[in-house]
Asker: 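Provided herewith is a single structure, encoded as structure tokens, for subsequent inquiry.
When reading the values below, keep in mind they use all heavy atoms of this one structure, side chains included, and skip hydrogens, waters and symmetry mates. Start at 1 and go down the list; that is how both ligands and their atoms are numbered.
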Amino acid sequence: MTLRVGIAGLGTVGAGLLRLLAQNADLLAARAGTPLLVTAISARDRHRDRGMSLAGLRWHDDPTNLASDPDIDVIVELIGGAEGPARALVHAALSAGRPVVTANKALIAVHGGELAALAARTGASLAFEAAVAGGIPVIKALREGLAGNRISRVAGILNGTCNYILTAMTEQARDFAETLAEAQTLGYAEADPSTDIDGIDTAHKLAILAALAFGRPVSFDAVHVEGIRAVSAQDIAYAAELGYRIKLLGIARRIEAGIEARVHPCLLKRTNPIARVDGVFNAVVAEGDFVGRVMLEGRGAGAGPTASAVAADLIDLARGRTTPAWGVAEADLLHRPDVPMAAHTGPYYLRLSVVDRPGVIADVAAVLRDHGISLESMLQRGRSEGEAVPIVLVTHTTTEAAMQAALAQIARLGAVLEPPALIRIEPE
Ligand SMILES: NC(=O)c1ccc[n+]([C@@H]2O[C@H](COP(=O)([O-])OP(=O)(O)OC[C@H]3O[C@@H](n4cnc5c(N)ncnc54)[C@H](OP(=O)(O)O)[C@@H]3O)[C@@H](O)[C@H]2O)c1
């Protein structure tokens, strides 16, 4: 018996998978208990050089046809996108009762609920280890390795492009736009970087992690999303002075009121292990009631790490190791309320640019006091009467609603010159 694999998409990940399956064929056969053999493929351009011979592999112009190819046991979807050919293929394959392995976080975050339900009805497997944090086996860790725990929090650096940009801004004291342009030149950011830098990619992955961690239906729309465009070199420098580093995190918490899921830049204490995960690396922290805190770190993208995750799913399938996509049966998913961002509580970093004149700080402090917000510390640099000066404030724990209301009022004060910069501080 051989596990016959059909691959749709031969780009970065697809070509990486072909290489891995060829290079480690013996090892994989031993671990899978059977050889893994690619029999059919699909991509847009049949004549593009994929860096290896595709001789002997059946070519499908339409990837959906892989779903009905009788010489395939498992379909690997590596096209990408929440809609279009990727969704059509996965839907067709699962409808036909055929197992699917995918790296497609957008598809799983947006349609993972209905696709998993479809898979459960037809008895097919839907596996997506490669969809979150590339080579880091975080899906398996949450769904299987930590299955004995009630998870209270899962958080992570889930986008290598953002982490690369923030790290470069920190190390080189450079601004966002300049650093993004360099990241694009070096191939660490896409020509259209918005999915990454606006936090959407992180939110896709967080939605998946939250569903697995808390056994609830996957819900991309429930994630509050902010990206890193507004992070400035100035804020990174002030944060450093205060003992913090700035990272884009995806954070999901189970609290009394329900599930909170949010993506935004955070100030993290320099001593926090996740604050030291730099460059294109990803990391995920999970907190369980019996295990305590677990942190996984590694490469979150790229041909090799992503192919590594796809291969693990293929071996599971070959061995017959299957679990429901979300770790529990459809009927056992818990429908807990989504906690809105306005109800978030925590400390905040606030930077204002104000005209240096008597009474300004007292006015700002009065607005904060009126909203029940107390200050932990304040930095003021470079006094020069009548000129613009920055003031940095760190608050004690307050609510997002109070902070936003205070901020709107502060922005209207005559002495406040630019829109204030607000960054949430993530406690240890
Ligand atoms: N790149 C990473 O590091 C990474 C990491 C984790 C997860 N992922 C996920 O893995 C998936 C693939 O990403 P990638 O970076 O490998 O993408 P990619 O390099 O852009 O490759 C996409 C592939 O899909 C093919 N394709 C596009 N439209 C098609 C259609 N209508 N019919 C048939 N084939 C079609 C393309 O064909 P042509 O080559 O002929 O144009 C290409 O081979 C995405 O879901 C992505 O989110 C990627």
Asker: State the CZ-CH2 distance between F128 and W326, to the nearest 0.5 angstrom.
Answerer: 4.0 Å
Asker: Between T102 and N104, is any side-chain donor less than 3.5 angstrom from a side-chain acceptor?
Answerer: no
Asker: Output the distance between atom NE2 (H91) and atom NE2 (H111), rounded to the nearest 0.5 Å.
Answerer: 10.0 Å
Asker: Calculate, to the nearest 0.5 Å, the distance between atoms CG and NZ belonging to N272 and K247 respectively.
Answerer: 10.5 Å
Asker: Roughly how far, to the nearest 0.5 Å, is CD of E190 from CD1 of I197?
Answerer: 11.0 Å
Asker: Looking at T195, D201, N282, T202, which hits side chain to side chain donor-acceptor pair (under 3.5 Å) with N159?
Answerer: D201
Asker: Residue by residue, ordered by chain and number, which ones reach under 4.0 Å of ligand 1 with a heavy atom?
Answerer: G9, L10, G11, T12, V13, S42, A43, R44, D45, R48, R50, P63, L78, I79, G80, P85, A103, N104, K105, A130, A301, G302, T306
